[in-house]
There are 2 protein chains.
Amino acid sequence: MSSPLLPGESPRPLPQPRPGGRTARIRTQVLDAVRAELTEHGYDTLTVDAVAARAGVHRTTVYRRWRDIGGMIGDLFAAAGDLDWQPRDTGSLRGDLTALNQEIQDSLTEEPSIATALIAVSFRSVEAAQALRRLWEDRYTQSEIIIQRAINRGELPAHTDARALLIAATAPLYHHLVLLRTPPDPQLPDRAAATATLAARAGAFTDLRSTDAD
Amino acid sequence: MSSPLLPGESPRPLPQPRPGGRTARIRTQVLDAVRAELTEHGYDTLTVDAVAARAGVHRTTVYRRWRDIGGMIGDLFAAAGDLDWQPRDTGSLRGDLTALNQEIQDSLTEEPSIATALIAVSFRSVEAAQALRRLWEDRYTQSEIIIQRAINRGELPAHTDARALLIAATAPLYHHLVLLRTPPDPQLPDRAAATATLAARAGAFTDLRSTDAD
């Protein structure tokens, strides 16, 4: 399963490239190898040569296309961004946010977690930090349809701040699992979704705007 | 200003040690040097020798007391935990949570930020990750008085889940500033506090409990 607001898909192999794609096949092999090296050994020992050997691709091919570790990491984020991901439609705001949070929790707790590995890399490399930021931006934008559907259903007022609501719903997952490193709580995805939903219905993401105008 | 839910105090020198404390003075000098090296050069180039030189303390003294980088990082977290920190009492739940969030935002955005540096180190060292987790645990426990005061004032029901409410209030700050790396928004401390307060009043941290019992 692909990760919603997270950089990587799972470390399982990508789907087969489209026909005619020796280039695409090599990319798949190399990025799979980068993921495997990252999750098994971490960023410190990541080298282009190790990736090439693991991928079974000639090292000059790898150097020509990706140049260095930064290039490979950047392409890993780009591949994650290419995924045709969209949030699930469960029929309710709380249900949609719970499904989103469940995907986030799954991606952060699977073993090994490429998502967690790439977040760690973002503290080592400015390019990775920027790529992660762009990817999260894309995924939050893709998730805004959850709020639009809730508005269309009459669950939320029309001028709800979609981004602020999505951040409120998802931030506790990242805070617990990435920073506080608390053991995963199976109820957390729904709890955080329910809290954000209650806050939204109480006007947290609309009334605050008018408060600002005071 | 000391950081509330964060590992480090600011990189300014600690208060003078109590009289009679050559040992305490040396600790202050060494930990100040660790902070300065971390924020200026990062973890990669951190060495006991560089810290000893910067602190002006003989290297054998430093090795004897702290053994290695892990020992120095662990003591840095311990020193942060020793701080006599307590959350501000502003007279309202939203005010108290805003003050807490403001302290978090300040500590994460000051230049240089020892808090951000130590969070980065927690992705490199298991000991640092454990020390950070313990420190956050302490700071959240110290912050629970905010919820107790709100209960005493009648702002919240007696069986409010203090920890869940504190996480909901503070998580967006960490998510924006540490993970998403969005530029600091001066209104975010109050917005996140107001959202959590609205959710709490709507029963987010009490009704969920009874929902579980269904």
Side-chain angles (χ1 to χ4, degrees), chain A residues 5-6 42-44 94 116-117 119-124 126 129-130 132-137 139-140 161 163-176 178-182 185 187-188 190-209 211-212, chain B residues 5-6 42-44 94 116-117 119-124 126 129-130 132-137 139-140 161 163-176 178-182 185 187-188 190-209 211-212:
Chain A
L5 300 178
L6 276 160
Y43 182 79
D44 281 327
R94 176 172 171 172
T116 304
I119 290 172
V121 172
S122 76
F123 287 94
R124 310 292 302 282
V126 173
Q130 289 168 341
L132 180 57
R133 187 177 162 181
R134 279 193 299 272
L135 181 59
W136 254 318
E137 176 64 31
R139 296 290 161 93
Y140 275 115
D161 182 335
R163 183 62 58 99
L165 170 45
L166 289 168
I167 297 280
T170 59
L173 278 287
Y174 291 105
H175 196 44
H176 272 295
V178 179
L179 298 179
L180 301 181
R181 298 174 172 86
T182 37
D185 172 356
Q187 301 185 319
L188 183 59
D190 176 60
R191 285 244 175 95
T195 297
T197 301
L198 276 175
R201 288 189 189 141
F205 308 103
T206 46
D207 293 353
L208 292 177
R209 289 301 171 95
T211 302
D212 292 341
Chain B
L5 299 178
L6 278 159
Y43 183 77
D44 281 328
R94 177 173 171 174
T116 304
I119 290 172
V121 171
S122 76
F123 288 93
R124 311 291 302 283
V126 173
Q130 290 168 340
L132 180 57
R133 187 177 163 182
R134 278 194 300 273
L135 182 58
W136 254 318
E137 176 64 31
R139 296 290 161 94
Y140 275 115
D161 183 334
R163 184 61 60 98
L165 170 45
L166 289 168
I167 297 280
T170 58
L173 278 289
Y174 291 106
H175 196 44
H176 272 294
V178 179
L179 298 179
L180 302 180
R181 297 174 172 86
T182 38
D185 173 355
Q187 300 185 321
L188 183 60
D190 176 58
R191 285 243 176 97
T195 298
T197 300
L198 276 174
R201 287 189 190 141
F205 309 104
T206 46
D207 293 352
L208 292 176
R209 289 301 171 94
T211 303
D212 292 341

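It should be emphasised that the depicted structure is a prediction, and the values quoted were computed from it without experimental measurement.
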Between [atom1] on residue [X] and [atom2] on residue [Y], distance to nearest 0.5 Å:
X: Thr170(B); Y: Leu180(A); atom1: OG1; atom2: CG; result: 7.5 Å
X: Asp161(A); Y: Arg191(B); atom1: CG; atom2: CZ; result: 7.0 Å
X: Thr182(A); Y: Ile167(B); atom1: OG1; atom2: CD1; result: 7.0 Å
X: Thr195(A); Y: Leu165(B); atom1: OG1; atom2: CG; result: 9.0 Å

Best-contacting candidate, Arg133(A), Glu137(A), Arg181(A), against chain B by heavy atom pairs under 4.5 angstrom: Arg181(A)
side-chain contact (heavy atoms from CB on, under 4.5 Å) against Arg124(B), all qualifying residues, sequence neighbours excluded: Asp44(A), Arg124(A), Tyr43(B), Asp44(B)
Partner residues of Ala193(A) under the side-chain contact (heavy atoms from CB on, under 4.5 Å) criterion, sequence neighbours left out: Leu97(A), Thr98(A), Asn101(A)
Option that, when pairs with chain A are counted at under 4.5 Å, heavy atom only, ranks first among Pro172(B), Ser122(B), Gly42(B): Ser122(B)
Portion of Val178(A) that has a non-hydrogen atom of chain B nearer than 4.5 angstrom: both
Whether His175(A) and Trp136(B) hold their rings parallel, tilted or perpendicular, with breakpoints at 30° and 60°: perpendicular
